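Working notes for the structure below.
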There are 2 protein chains.
Amino acid sequence: MESRIERLCVERGLKMTGQRRVIARVLSQAEDHPNVEELYRRASALDARISVATTYRTVRLLEEKGILERRDFGGGRARYEPSESRRHYHLIDVETGKVIEFEDAEHDQLMRAIAARLGFDLVSVRFELFARKLGGPSRQAVRKPRAGAPREAEPSITR
Amino acid sequence: MESRIERLCVERGLKMTGQRRVIARVLSQAEDHPNVEELYRRASALDARISVATTYRTVRLLEEKGILERRDFGGGRARYEPSESRRHYHLIDVETGKVIEFEDAEHDQLMRAIAARLGFDLVSVRFELFARKLGGPSRQAVRKPRAGAPREAEPSITR
DNA sequence: CTACCTGCAAAAAATTTGCACTTCC
DNA sequence: GGAAGTGCAAATTTTTTGCAGGTAG
């Protein structure tokens with residue numbers, strides 16, 4: 001059966017090889033934000049005739065076609081998720097690396113207003129919150145996390 | 001004369017070698033967000049007895065001490081700026097790569113509220129706007145930019 | 001004096017690419 | 001049939017590290 005991502009590929013006129021079909025299926029089923037290595041692992045479990053190089057080439061292609069979106073949650077590897085109609089953002093639990101999605105209309109609007117105030121038209125946004133569960137481990141016991149993308153917290157591949 | 005960053009280093013008990021002093025001075029004078037390569041170039045112009053390895057080791061150390069902050073504006077290289085008391089964010093002009101700093105108290109507050117709503121305590125934030133000057137090149141003529149960190153726009157090292 | 005620094009070059013880690021060989025349309 | 005896709009391994013790019021000397025405090 002044709003997966004959602006595969007359908008999108010066909011709609012945009014991509015040549016559908018066996019490899020691409022498998023990767024599309026894996027992406028359609030993913031409930032998380034896998035990196036390329038993980039994607040490759042899942043795809044080659046379904047069909048061994050797939051290489052990492054092709055996985056890289058495919059995600060890049062799908063990103064260019066607007067079918068996938070690349071994310072960076074720190075940890076030095078790109079992560080991917082299917083484009084969705086609803087704009088959403090991510091909160092990364094710095095203790096566990098777990099990724100939580102959320103929406104916020106007020107924020108959407110505020111960003112546009114900020115860009116306009118500076119004389120710009122918004123093209124894209126990067127917005128990630130790194131946070132710690134309330135009532136978690138005592139502040140004292142935990143080493144201070146870094147600004148931006150914490151280097152030490154390799155985010156788990158979870159949505 | 002002792003630079004601002006050098007003073008901070010001494011305050012935090014860092015052993016001040018010649019190399020560190022030079023890098024500290026370069027950072028104090030920087031009006032932009034240099035990457036390590038650029039930092040190394042500027043430092044070794046002042047004193048040739050500095051290696052890239054030391055530059056990497058030094059920025060990492062200063063980041064751990066909270067003296068520097070690492071940023072990622074896309075383009076695959078980390079960029080650095082001295083920590084400032086006022087929280088601020090960055091807007092990257094996708095046409096020119098130029099980086100514009102801005103503050104927004106409303107946004108500061110909104111982020112904290114969002115984290116709290118999800119049951120988290122904010123640790124750090126990544127927030128960058130990628131945008132295009134109003135009244136710039138016609139939409140049609142410009143290739144569609146990607147979400148997240150545009151791959152093609154190597155940000156210039158400018159504040 | 002000695003723990004910490006540094007330079008050099010080699011190692012890592014993630015991603016891209018050249019090339020000869022398939023494969024979709 | 002021909003343009004486009006693929007695998008493999010080598011190349012790239014950015015950052016880190018091991019080791020044999022230096023150097024600050």
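Per chain, numbering begins at 1; letters A, B, ... match sequence-line order. These numbers come from a predicted model, not from an experiment.
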Please state how far atom CG in B/Asp72 lies from atom P in C/dA14, giving the value in whole angstrom units. 16 Å
For A/Gln29, side chain to side chain contact (heavy atoms under 4.5 Å, CB included) partners two or more places apart: A/Arg25
Between P on D/dT15 and CD on B/Glu37, what's the gap in Å once rounded to a whole number? 9 Å
What's the spacing between A/Met111 CE and A/Asp104 CG if we round to 0.5 Å? 9.5 Å
Close N or O pairs between protein and nucleotides 11-13 of chain C (under 3.5 Å):
none

A/Tyr56 side chain N/O closer than 4.0 Å to the phosphate oxygens (OP1, OP2) of C/dT16? no
Does A/Arg41 pair with A/Glu38 as a salt bridge, N-O distance under 4.0 Å? yes
Ring centres under 6.0 Å, that's the criterion: do B/Phe127 and B/His107 meet it? yes
A/Arg49 near the nucleic acid: base, sugar-phosphate alone, or nothing, with a heavy-atom cut-off under 4.0 Å? sugar-phosphate
Terminal axes of the helix from C/dC1-D/dG25 to C/dC25-D/dG1 (five pairs each): angle between them, nearest 10 degrees: 40°
Reported CD1-to-CD distance for the pair A/Ile67 and A/Glu11, which is rounded to 0.5 angstrom: 8.5 Å
In terms of side-chain heavy atoms of A/Ala78, which of D/dT16, D/dC8, C/dT15 is nearest? C/dT15
B/Arg42/B/Asp32 salt bridge by N-O under 4.0 Å criterion: yes
Quick note, side chain to side chain donor-acceptor pair (under 3.5 Å) partners involving residues 43-57 of chain B, not counting sequence neighbours, are B/Asp47-B/Arg49, B/Ser51-B/Thr54
Verify the contact: side-chain N or O of A/Arg60 to OP1 or OP2 of C/dT16, cut-off strictly under 4.0 Å; return yes or no. yes
The side chain of B/Arg20 is closest to which nucleotide in this list: C/dC5, D/dT14, C/dT17? C/dC5
With the threshold set at 4.0 Å, does a side-chain nitrogen-carboxylate oxygen contact exist between B/Asp93 and B/Lys133? yes
Atom CZ of B/Arg12 and atom P of D/dG25 are separated, to the nearest Å, by 17 Å
Would you say A/Thr17 reaches D/dA4's phosphate, i.e. side-chain N/O to OP1/OP2 under 4.0 Å? no
Are B/Arg87 and B/Glu103 close enough for a salt bridge, meaning some N to O gap below 4.0 Å? no
Side chains of A/His33 and A/Glu69: do they bring a donor and an acceptor to under 3.5 Å? no
Could I get a table of every N or O pair under 3.5 Å where one atom is in the protein and the other is in nucleotides 20-22 of chain D?
none

Contact under 4.0 Å: B/Gln19 side-chain N or O vs C/dG7 OP1/OP2: yes
Output all residues satisfying ring pair (Phe, Tyr, Trp, His ring centres under 6.0 Å) with B/Tyr40, sequence neighbours left out; order by chain, then residue number. none
